[in-house]
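We name chains A, B, ... by the order of the sequence lines, and we start the count at 1 in each one.
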There are 2 protein chains.
Amino acid sequence: MAATIRDVARLAGVSQSSVSRALAAPDQVRAATRERVERAVAQLGYEPSRIARGLSTGRTGTLGFLVPDIANPLFAGIVKAAQRRSRDLGLAVLLADADEDPATELDLIRTLTKQVDGFVLCAPRAADEELRSVCGDLPVVLLNRRVGRLPAVIFDNADGVRQALAHLAALGHRRVAYVAGPRTSWVNRERQRAVRTGAAALGVDVVEPGNVSPDLEGGVAVADLVLAAGVTAVIAYNDMIALGLVSRFAVRGVTVPGDISIVGFDDIPAAALVSPALSTVSQPQDRCGRAGVDLLADLLDDRPTGRARAGGPRASLPTRLIVRASTGPARHP
Amino acid sequence: MAATIRDVARLAGVSQSSVSRALAAPDQVRAATRERVERAVAQLGYEPSRIARGLSTGRTGTLGFLVPDIANPLFAGIVKAAQRRSRDLGLAVLLADADEDPATELDLIRTLTKQVDGFVLCAPRAADEELRSVCGDLPVVLLNRRVGRLPAVIFDNADGVRQALAHLAALGHRRVAYVAGPRTSWVNRERQRAVRTGAAALGVDVVEPGNVSPDLEGGVAVADLVLAAGVTAVIAYNDMIALGLVSRFAVRGVTVPGDISIVGFDDIPAAALVSPALSTVSQPQDRCGRAGVDLLADLLDDRPTGRARAGGPRASLPTRLIVRASTGPARHP
DNA sequence: TTGAAAGCGATACCAG
DNA sequence: CTGGTATCGCTTTCAA
């Protein structure tokens, strides 16, 4: 059996209270006492039980981290960064993978809500009101999503889209497709809107073959529609879809970028590997994950905004177009 | 403030004990009582506090899941499967990413050990004895690793290697490289050994350019050594390394599989996407993740072996070679 | 500066 | 079948 605070107290010849204090507020304890406690702690290899502590403090030292799909490299990268930061802050991470399903998501939040101090919701798919109500007054930080005035870390999607469109327009493309991601994705709606307004401003026609799942299958499934639309370039909701397109295009004998140019989003590792390499709008995953955790930690410690640490409670992170294979349309060399 | 068991008891006009029973063992309570309790529960939206329960039962309803690197698609896939299974079993998952570092790993286990009922350690990098001692007598299930007689789920690495070697030998390769992964990886050692003995049996020469990190960078870094070794084929510790090789080979003007054939391990999604597509030994990630959680759940519930559910406490999952681009050596058409 | 004692929210044993 | 009560391990007043 692991040692408890009582064992330490007994061994050190002091009360439990003193042990507790010696550990939590060392300066409220005489040096001599503190030392005896520390010795006892070391000798017994004592480590306080987090759950027992949780019971009395009402805090668990754990944060809930929700993602739509941990197999998506973007989210894996964000989780990794968040994980590291949490560790540094002494927080544990309860991971929840919602499988891209809004209902599962709400379910997970509901069941986890009792065991965490707060949530980082990465790109949640559920509706605004449902998210609000399910979170109650638990501290929440959103990533890749905006809901009212809740603290959030987002990428500058509009600017990313602008860069992508400007790039394609400069190459001479006049008719591009936007392959939309999940209807439930706030980011998708943002990009969609940005594509529409941005394209109009540049005098570029936009075709939208519809919404697909944000993975390889989604891209493969929609590829033929894209071809049928007679566009010379396509902007995909994310790199997974883009790679799915590449793959299906190859099967159809359509060359990239010769016959059609593609721009994705996220700059996942695989994007640089396919050949020709994928042009993509890169997003700083680590800053995102880190900022999310920082923001939540601030909330937990009651630091109202956390401006100092995370660059504002509603940080917008810059995105950057990475040009790899894209070229102008074939008929316009 | 959320409702407690006391509130429910008061509202239902029964004792706390009865409420507790009505929820945990409904058949030990008169129907009438049970109904009153249920009504009260519904009315108050009561949900028992997991941590309070944890204090008295000594169980947290949470399992610790440790991976070397969540950004590695293999592990992401395994985590996803484990996650789903855990959810079905009513367990929460505390994720820990050790960043491929043995020390971090032990640290994480130590700090998390108090808040979980058991651990699933996926491909842990720490040494046998350290793992044993750090886990104490917490239930532990290993994935991709064998330590003494601890319950484990592993892939049949030897057979995977055998398939890969047989394939290459049949194509006419007589000199192949094995690009090793982390020295700390048990799986790597298994594969390495299998390559050595297997190649000897087939009369194939093996060159080993050394250990690299199991990611793209690792593959890129070692690519030139591989070329210098004058081999016609290479088996890589995993797909990430293999893809790194492909990428660097392209830069060097070496064509795959024309000049050199590559076989990886894991069959991560990206493997099928690069062109030419990567031949690889596929591992059933979902079965692995699921079996790991099942095994641990059995341990927690004191079902001694869990044979029924997971195919044995030390399941060995089949691997399967997926042939994509590999061909025979150029000089041997 | 220290110790005693009252919770925190549930479970589980023991009478009745 | 039900209620009272000790208990889990720690934090936090409140006195001393």
**OP:** On DNA chain C, check which nucleotide each of A32(A) and E47(B) is closest to and give me the residue with the more 5' one.
**Re:** A32(A)
Spacing of [X] atom [atom1] relative to [N] atom [atom2], expressed in whole Å:
X       : N       : atom1 : atom2 : answer
L44(B)  : dA10(C) : CG    : P     : 11 Å
E35(B)  : dC1(D)  : CD    : C1'   : 16 Å
Q115(A) : dA10(C) : CD    : C1'   : 14 Å
L55(A)  : dA10(C) : CG    : P     : 9 Å
R53(A)  : dT11(D) : CZ    : P     : 5 Å
R10(A)  : dA4(C)  : CZ    : P     : 13 Å
R50(B)  : dC8(D)  : CZ    : C1'   : 18 Å
Q16(A)  : dG7(C)  : CD    : C1'   : 13 Å

**OP:** For the pair T113(B) (side chain) and R110(B) (backbone), establish whether a donor and an acceptor sit closer than 3.5 Å, ignoring hydrogens and angles.
**Re:** no
Subject >> side-chain contact (heavy atoms from CB on, under 4.5 Å) between T62(B) and D117(B), intermediate numbers included >> reply: CA-CA 6 Å; T62(B) 302; D117(B) 293 340; 5.8 Å; no
With the side chain of [X] defined as its heavy atoms from C-beta on, choose the nearest nucleotide among [options].
X      : options                  : value
T57(A) : dT12(D), dC10(D), dG9(C) : dT12(D)
Y46(B) : dT2(D), dT2(C), dA10(C)  : dA10(C)
S15(B) : dG3(C), dC10(D), dG4(D)  : dG4(D)

Base, sugar-phosphate or nothing for [X]? Non-hydrogen atoms, less than 4.0 Å.
X      : value
V19(B) : nothing
R21(A) : base
S20(A) : base

Identify whether the distance between the nearest side-chain nitrogen and carboxylate oxygen of [X] and [Y] falls below 4.0 Å.
X       : Y       : value
R290(B) : D88(B)  : no
D99(B)  : K80(A)  : yes
D101(A) : R125(A) : no

Original post:
Hey, is the side chain of R34(A) poking within less than 4.0 Å of OP1 or OP2 on dT1(C), counting only N and O atoms?
Top reply: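 For dT1(C), neither OP1 nor OP2 has a side-chain N or O of R34(A) closer than 4.0 Å.
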Original post:
Is the base of dG4(D) touched by the side chain of S17(B) through a donor-acceptor pair closer than 3.5 angstrom?
Top reply: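 Such a pair is found, so the answer is yes.
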